[in-house]
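In what follows, a structure is listed as C-alpha cells, so that the remarks can point back to it.
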Amino acid sequence: MNEVIENKKKSEILSEKLNEMNYGDFISHEQIAALIEEPYGTNKYTSAIAKTKKILLKKYNKTLENVVGDGYRLVNPDDFVQQSLKHYKRGFGEMQKGYEVLEHAPTKDMTKEGREAYRRVHDRAITLAAAMKGASVELRTLGEKKHPMALRNIKK
C-alpha cells in the first residue's frame with residue numbers, strides 16, 4: 001500500500017474508495033485510518049478528510065456526514081438539502097457573532113476614525129443581518145418536504 005500512497009495523495013485514495021460505496025454506507029474512523037495510513041485524530045488525518053470531502057463533492061457529487069465518534073456516512077441524495085442547510089446555519093451563526101461584537105463595541109472609547117469605520121460597517125451589518133434572517137427563514141421553509149408551494153402539495 002505504501003507505494004500507492006507515495007504516488008497518490010491520501011485524499012484521492014480515500015475519495016476513490018468512498019466513490020465506490022453506495023449512498024448511506026458507513027465507513028469507520030478505523031477503516032479510514034488504515035486506508036490512508038494516518039492515525040485517527042491527528043492533523044494529517046483531519047486534513048485528509050477535509051480534502052477528501054472537497055474532492056468527493058466536486059468530482060463525484062457525493063458528500064459525507066459525520067457520525068460523531070464513529071466515522072462518516074455517505075449522504076443520501078434526498079438529504080443533500082438538509083446537509084446544505086446545516087452549513088448555511090453554521091455560517092449564519094458566525095455572522096450573528098460578528099454582529100454581536102459590533103453591537104457591543106465600545107464606541108465612546110473609539111477615535112473619530114474608529115467611530116466612522118464602525119458606523120460604515122454597522123450600517124451595512126444591520127442591512128445584512130436583516131437580509132440573512134429572511135434568507136435563513138426562507139431556506140428552512142423551502143427545504144421542508146411539506147412546503148406549501150411544492151407541486152405535490154398544491155391542491156387542484
Side-chain angles (χ1 to χ4, degrees), residues 1-105 117 120-122 124-154:
M1 182 71 141
N2 255 346
E3 66 219 27
V4 173
I5 287 194
E6 287 176 17
N7 295 327
K8 272 191 169 177
K9 294 181 180 179
K10 295 174 184 197
S11 55
E12 292 171 352
I13 293 167
L14 183 55
S15 61
E16 287 172 4
K17 172 68 174 169
L18 291 167
N19 186 48
E20 293 170 4
M21 297 171 63
N22 296 316
Y23 294 112
D25 284 354
F26 172 82
I27 186 167
S28 71
H29 290 301
E30 293 79 20
Q31 290 170 305
I32 294 170
L35 188 64
I36 64 172
E37 297 180 356
E38 291 295 342
Y40 168 62
T42 63
N43 286 341
K44 288 184 178 182
Y45 180 95
T46 305
S47 177
I49 293 293
K51 291 175 185 174
T52 297
K53 285 181 176 182
K54 288 180 182 178
I55 293 169
L56 201 59
L57 185 61
K58 293 179 180 178
K59 189 173 181 181
Y60 302 114
N61 299 326
K62 292 184 176 181
T63 192
L64 296 173
E65 65 180 339
N66 187 17
V67 178
V68 180
D70 292 331
Y72 293 90
R73 179 173 290 109
L74 282 163
V75 175
N76 286 307
D78 286 352
D79 296 330
F80 268 57
V81 170
Q82 291 306 315
Q83 190 72 13
S84 73
L85 290 175
K86 288 180 189 177
H87 291 288
Y88 279 116
K89 185 176 180 181
R90 196 174 310 129
F92 291 150
E94 286 300 310
M95 291 179 71
Q96 182 62 35
K97 288 178 190 176
Y99 182 76
E100 288 174 7
V101 168
L102 277 177
E103 282 296 297
H104 300 321
R120 285 191 307 269
V121 172
H122 187 261
R124 283 158 185 82
I126 289 171
T127 304
L128 180 60
M132 295 309 288
K133 188 66 172 174
S136 174
V137 170
E138 186 176 4
L139 284 173
R140 187 174 44 245
T141 305
L142 291 172
E144 292 175 2
K145 291 182 180 175
K146 295 183 179 179
H147 187 272
M149 296 306 289
L151 291 176
R152 67 181 173 277
N153 297 328
I154 296 175

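Quick caveat: nothing in here was measured; it's all calculated off a predicted structure.
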- Item | Separation between CE of Met95 and CE of Met132, rounded to the nearest 0.5 Å | 4.0 Å
- If only atom types and distance count, is the side chain of Thr52 paired as donor or acceptor with the main-chain N or O of Ala48 below 3.5 Å? yes
- Would you check if Lys86 and Gln82 make a side-chain contact, meaning some heavy-atom pair closer than 4.5 Å? no
- Query: At what distance, to the nearest 0.5 angstrom, does CG of Asn66 lie from CZ of Arg73?
  - Reply: 10.5 Å
- Query: Which residue pairs pass the ring-ring contact (aromatic ring centres under 6.0 Å, His included) test when at least one of the two sits in residues 16-40, sequence neighbours left out?
  - Reply: His29-Tyr40, His29-Tyr45, His29-Tyr72, Tyr40-Tyr45
- Message: By the definition side chain to side chain contact (heavy atoms under 4.5 Å, CB included), identify the one residue from Ile49, Leu57, Ile55 that meets it with Lys53.
- Response: Ile49
- Lys58: partners by salt bridge (Lys or Arg N to Asp or Glu O under 4.0 Å), with sequence neighbours left out: none
- The reported gap from OG1 in Thr63 to NZ in Lys54 (rounded to nearest 0.5 angstrom) is 12.5 Å
- Step-by-step salt bridge (Lys or Arg N to Asp or Glu O under 4.0 Å) determination, Glu94 to Lys97: CA-CA 5 Å; Glu94 286 300 310; Lys97 288 178 190 176; 3.1 Å; yes
- Interatomic distance, Ile32 atom CD1 to Lys10 atom NZ [nearest 0.5 angstrom]: 13.5 Å
- Message: Can you confirm whether Leu74 sits close enough to Leu64 that some side-chain heavy atom of one is under 4.5 Å from a side-chain heavy atom of the other?
- Response: yes
- Query: So, does Lys62 use its side chain to make a donor-acceptor pair with the main chain of Met21 at under 3.5 Å?
  - Reply: yes
- Starting at NZ of Lys9, measure out to OG of Ser47 and round the result to the nearest 0.5 Å. 10.0 Å
- d(Thr46 OG1, Glu38 CD) to nearest 0.5 Å is 10.0 Å
